[in-house]
Structure formats: C-alpha cells, structure tokens
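Everything on this sheet refers to the single structure shown next.
Just so you know, these numbers come straight off a predicted model, no measurement behind them. Reminder, nothing fancy here: chain letters follow the sequence lines and each chain counts from 1.
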Protein chains: 2
Amino acid sequence: MARHITPKGENSRQQIIQAAYSLFLKKGYHATSIRDISERCGLTIGGVYTHFPGKESIFTAVLDEYNPLLKVMPVMLEAQGDTLDALLHDMARRMVSGLGLQRDTLNLIFIEVVEFEGRHFEDLFPKVFPLLIEGIERITRQEQAIRQIPLPVLGRSFFGLFFSYFMTHIILARKLPFDDTTLDAFVDIYLYGILERQDIPSGNGGSPDMNG
Amino acid sequence: MARHITPKGENSRQQIIQAAYSLFLKKGYHATSIRDISERCGLTIGGVYTHFPGKESIFTAVLDEYNPLLKVMPVMLEAQGDTLDALLHDMARRMVSGLGLQRDTLNLIFIEVVEFEGRHFEDLFPKVFPLLIEGIERITRQEQAIRQIPLPVLGRSFFGLFFSYFMTHIILARKLPFDDTTLDAFVDIYLYGILERQDIPSGNGGSPDMNG
DNA sequence: CCTACCGATCGGTAGG
DNA sequence: CCTACCGATCGGTAGG
C-alpha cells in the first residue's frame, strides 16, 4: 500500500499545489479551472490527474500546505516576552510577519467558508486547537493579573484579534492610510481589555488623562 | 430617461434578487448558475435577462440589498445608552439581532473578496464610511474618558470587533459551546481596552482581583 | 504524463 | 409601440 514517490513525481505535485494556490487566491475555487492549473504548472490536464483524483483534492492539498491559521500559529508560539505586554506585542508582530499584509492573506479561509460551506474545518480543528490552547497558556502563565474572563472567551477573543486586524485591513486599508503603529495600538487595546486595573502598564499606549 | 416600472416587473426583479441571494450564500457566486437562479424564482433564463444585463449585475443588486455591513450599521446606530458601557452593549446586541448568528452571515463579504477581488468595495465605501464615522462619534461623545487612541485606530478597532466576534463564531462555535454572555464579554474586553483606568465601571464584567 | 475525447452544463441571446 | 416573458439554441468550457 505504501506509495513510492519518485523525486520527479513529487516535484510535479508540488508545482501543481503552488500553481493552484496562486490561482485560488486570485479567483477563488470554482472560477479556477483544471486547465488554468495545468497550464500554469506546465502539465497537461491528464498529467494533473495522475497526482490528484479530483479538483477538490487539489484544494485540500493546498489547504494543508498554505492554510494561514496553520502557518501563523507556530510562528506566534515562538514569541518571547517577560511581561504580558511584551509577549502580546511580539506575538502580533510575528503574526503579521508570518502572514504578510497582502489583501489575499485570508482568502483560503474565505474560499473554505463560501465555496465549501466550511466542510474542511472539521479536519483543521484538531490541528489548530492545541496550538490555540498553548497560546492561551502562554498568556495566562504571565505574572500580570488577568480579569475574570472565562477561559474559552479569553481564547476566542485572542483568536478574534487576528481577524479584527486582518479583516479591517482588507476593507479599510486601501482607502484609509494606517501606519505601522496600528498593530501595536490594537494589541494595547486588547491588553488593557483583559488586564486588571492595577496591573495595567503605564509606560505604553498613551499617558493617563487625569481630569476625569 | 425615467424608467417606468410596473408592479409585476418590479416584483419579478425582487424575486430574482432573493433567489440569487440564497443561492450565493450557500454555494458562492461562480458555483451558482443563471439556471439555478431562474429555476428558483420561477422565471425562464430569458426572463431573468430582461431584468439584468448579466450575471454580475445580479450580484451587485444582491449586494445593494443584503450587504451585511449596510444592513447592520443603521440598526447599530439606533442604540441607546447613558454610559459608554450601556451604549456599546446595546450596539453589540443590535448588531447580532440585526444580522443573526447563522454561519453564512458574512458570506456576501467573503464572496466579494474571493470571487471579485474586492472590486465592489469601491462602491460600498462611501455608503458605509459615514455610518462608521457616526458610530465613532456616538462613542466619543460619551462622558467617560477614552484613552489617547488615534481616532482612525479607534474606529478601525470598533469595526474590527464585529469581525472578531463573527469570524470566531464561524470557525469555533460548531465545536465549542459558547453561551449568550460571550458577546457581552467581548464588548467588556473592548470597553476596558479603550477606557481610562479611573473610568472603568466596577459593576460589570467580574469583580476585581485585589491580590496583585 | 499525453492526446483525444465524453456527457453535461456554462453564461448569454436569437426571433416572436 | 411597450413590458415582460417564452421555447430554443448560440459558441465555449466544465470536470473527468
């Protein structure tokens, strides 16, 4: 049953995945034809079908390789920081540097939602969930006191910060200019939002306004 | 130049839009055929083309009528509240009740991003932007002191809260159970995140943990 | 991995 | 002469 993969065959497979990836990002799944993919990777249609049993299996292969959620979590978990403040900012920076800020960064997720009704999230969940848990643990392990927020909600809101930043970038950034301090400002708002009052750092994010 | 629209014709047009909307939500744009749409609304293909010059114009008509961003903003702007706390929670509640919590709530936006490369956002922006500005003004007009956050960033993060909540709902809610206090917890985190320390309300969102 | 095709269906339009 | 639509079919392309 073990499939013997020749170097040449594996190379073709990778080229198909790469070609499909760039086409899916640009046009979505249904608007991308097998002919588009085969032309871009230099194979014939028949050649493509020696590596994949169907069009959807090409998409799942692309998803395995390029899913932004799978790509970004390990990079984020390498973040360093002695305080929660430093840790969250480093996580955010790694998130953006790991994904880039192109408009199509999240497109594979959108394709999955719109063109597959989220069918493949079932497979994705067990891969992403442990990484998300580890991220939450990194956060709650810090010394600064976090407000009483149910752990699932804390995790979900932390995860949501990712979408908040990227979605508003996709929709707003072509019309409104945002400089590169915006990400840090987003993180500051979240940080202030989850910390107990007495543990809010004073060195960051603007001076307090004392006139009530 | 003024087009005279008969009741019957306008009715057919609305039925096409409605049929297309439900099909686009389920399968996306390219996977939905004119035939699918015409069958669902009870017209022939030719009949559909008396109302629209092409398939894409059906999509833009659907977008005008059902765009979640356009639908939700006016509902949110009716929010009431004497404090920022009360105002934001009412805004959030109206947001969810105005859109519902189906998995496909944001699908029109995703279709736009993935299948049209965001082309139609250009037309959407002038419609949504003033409403977003008004929302920000409602927030900053309150008495409670908001931290020194650049106004565009405040607006973007407020807008982002919307995506944070819905995207994480789409991805997580089928696997993890979240009760209906989650939305309020999200708003609380944001509220704590933008308020000055001395103006943080103490009656809401968990008691302070005083042991440092 | 290619050439040569299949059943079916695509978006769009003809005359009436 | 208008609108709203019909049955039939156009040239091309889809996944396989």
Side-chain angles (χ1 to χ4, degrees), chain A residues 3-63 111-112 114-117 119-120, chain B residues 1-63 111-112 114-117 119-120:
Chain A
R3 199 161 139 249
H4 186 247
I5 295 175
T6 65
K8 193 179 172 189
E10 184 53 28
N11 186 37
S12 293
R13 195 189 135 90
Q14 282 304 319
Q15 285 182 312
I16 293 167
I17 291 176
Q18 220 173 73
Y21 174 57
S22 63
L23 289 165
F24 289 158
L25 280 199
K26 201 190 287 175
K27 309 198 288 178
Y29 175 78
H30 282 97
T32 298
S33 67
I34 296 284
R35 281 167 179 75
D36 291 336
I37 296 170
S38 69
E39 281 168 20
R40 177 176 261 260
C41 70
L43 297 180
T44 60
I45 298 170
V48 170
Y49 276 97
T50 57
H51 295 280
F52 296 95
K55 193 184 176 190
E56 182 164 338
S57 75
I58 299 180
F59 180 74
T60 57
V62 168
L63 213 52
I111 291 173
E112 172 55 27
V114 171
E115 305 197 72
F116 293 96
E117 301 181 74
R119 262 186 269 139
H120 305 110
Chain B
M1 246 355 189
R3 199 159 140 251
H4 186 248
I5 295 175
T6 65
K8 191 178 174 190
E10 183 54 28
N11 186 36
S12 292
R13 194 188 135 90
Q14 283 303 320
Q15 284 182 312
I16 293 168
I17 291 175
Q18 219 173 73
Y21 175 58
S22 65
L23 289 165
F24 289 158
L25 280 198
K26 202 191 286 176
K27 310 196 290 178
Y29 176 78
H30 282 97
T32 299
S33 67
I34 297 283
R35 280 164 181 78
D36 292 335
I37 296 170
S38 68
E39 280 168 20
R40 179 175 261 260
C41 69
L43 297 181
T44 60
I45 298 170
V48 170
Y49 276 99
T50 57
H51 295 278
F52 296 95
K55 192 184 175 189
E56 183 164 338
S57 75
I58 300 179
F59 180 73
T60 58
V62 168
L63 214 50
I111 291 173
E112 172 55 27
V114 171
E115 305 197 73
F116 294 97
E117 301 181 73
R119 262 187 269 138
H120 306 111

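Sorted by first then second residue, the salt bridge (Lys or Arg N to Asp or Glu O under 4.0 Å) pairs that include residues 15-24 of chain B, not counting sequence neighbours, number zero. Here salt bridge (Lys or Arg N to Asp or Glu O under 4.0 Å) pairs that include residues 47-63 of chain A, with residues two or more places apart or in two chains, are E56(A)-R119(A).
DNA chain D lies under 4.0 Å from at least one heavy atom of each of the following residues of residues 39-49 of chain B: L43(B), T44(B). The stretch residues 24-35 of chain B touches DNA chain C through T32(B), S33(B), I34(B), R35(B), each having a heavy atom within less than 4.0 Å of the strand.
Spacing between atom CD1 of I16(B) and atom C1' of dG11(C) amounts to 15 Å, rounded to whole angstrom units. The nearest whole Å value for the distance from the CZ atom in F52(B) to the C1' atom in dT13(C) is 18 Å. Going from atom NE2 of H51(A) over to atom C1' of dC2(C) covers 12 Å, rounded to whole Å. If you measure from atom CG of L23(A) to atom P of dG15(D), you get 12 Å, rounded to the nearest angstrom.
With sequence neighbours left out, the salt bridge (Lys or Arg N to Asp or Glu O under 4.0 Å) criterion links E39(B) to no other residue. Partners of F116(A) according to the ring-ring contact (aromatic ring centres under 6.0 Å, His included) rule, which considers only residues two or more places apart in sequence or in another chain, are Y29(A), F59(A), H120(A). The side-chain hydrogen bond (donor to acceptor under 3.5 Å, both in side chains) test applied to R35(B) returns no partner, not counting sequence neighbours. Checked against side-chain hydrogen bond (donor to acceptor under 3.5 Å, both in side chains), S22(A) has the following partners two or more places apart in sequence or in another chain: R40(A). With sequence neighbours left out, the side-chain hydrogen bond (donor to acceptor under 3.5 Å, both in side chains) criterion links E117(A) to no other residue. Residues passing the side-chain contact (heavy atoms from CB on, under 4.5 Å) test with Y49(B) are I34(B), I45(B), sequence neighbours excluded. For S33(B), the side-chain hydrogen bond (donor to acceptor under 3.5 Å, both in side chains) partners at least two apart in sequence or on another chain are D36(B).
Listed pair S12(B) / dC5(D) meets the phosphate criterion, a side-chain N or O lying under 4.0 Å from OP1 or OP2.
Within a 6.0 Å sphere centred on CD of Q18(B), other residues, nucleotides and ligands contribute 12 heavy atoms or fewer.
Nucleotides dA8(C) and dG12(D) have their P atoms positioned 22 Å apart, rounded to a whole Å. Nucleotides dT9(D) and dG11(C) have their C1' atoms positioned 13 Å apart, rounded to a whole Å.
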Q | Watson-Crick and G-U pairing of DNA chain D written in dot-bracket, each distance under 3.5 angstrom, with | for inter-strand partners | A | .....|.|.||.|.||
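The main-chain N or O of H30(A) is found under 3.5 Å from a side-chain atom of E115(A) such that the two form a donor-acceptor pair.
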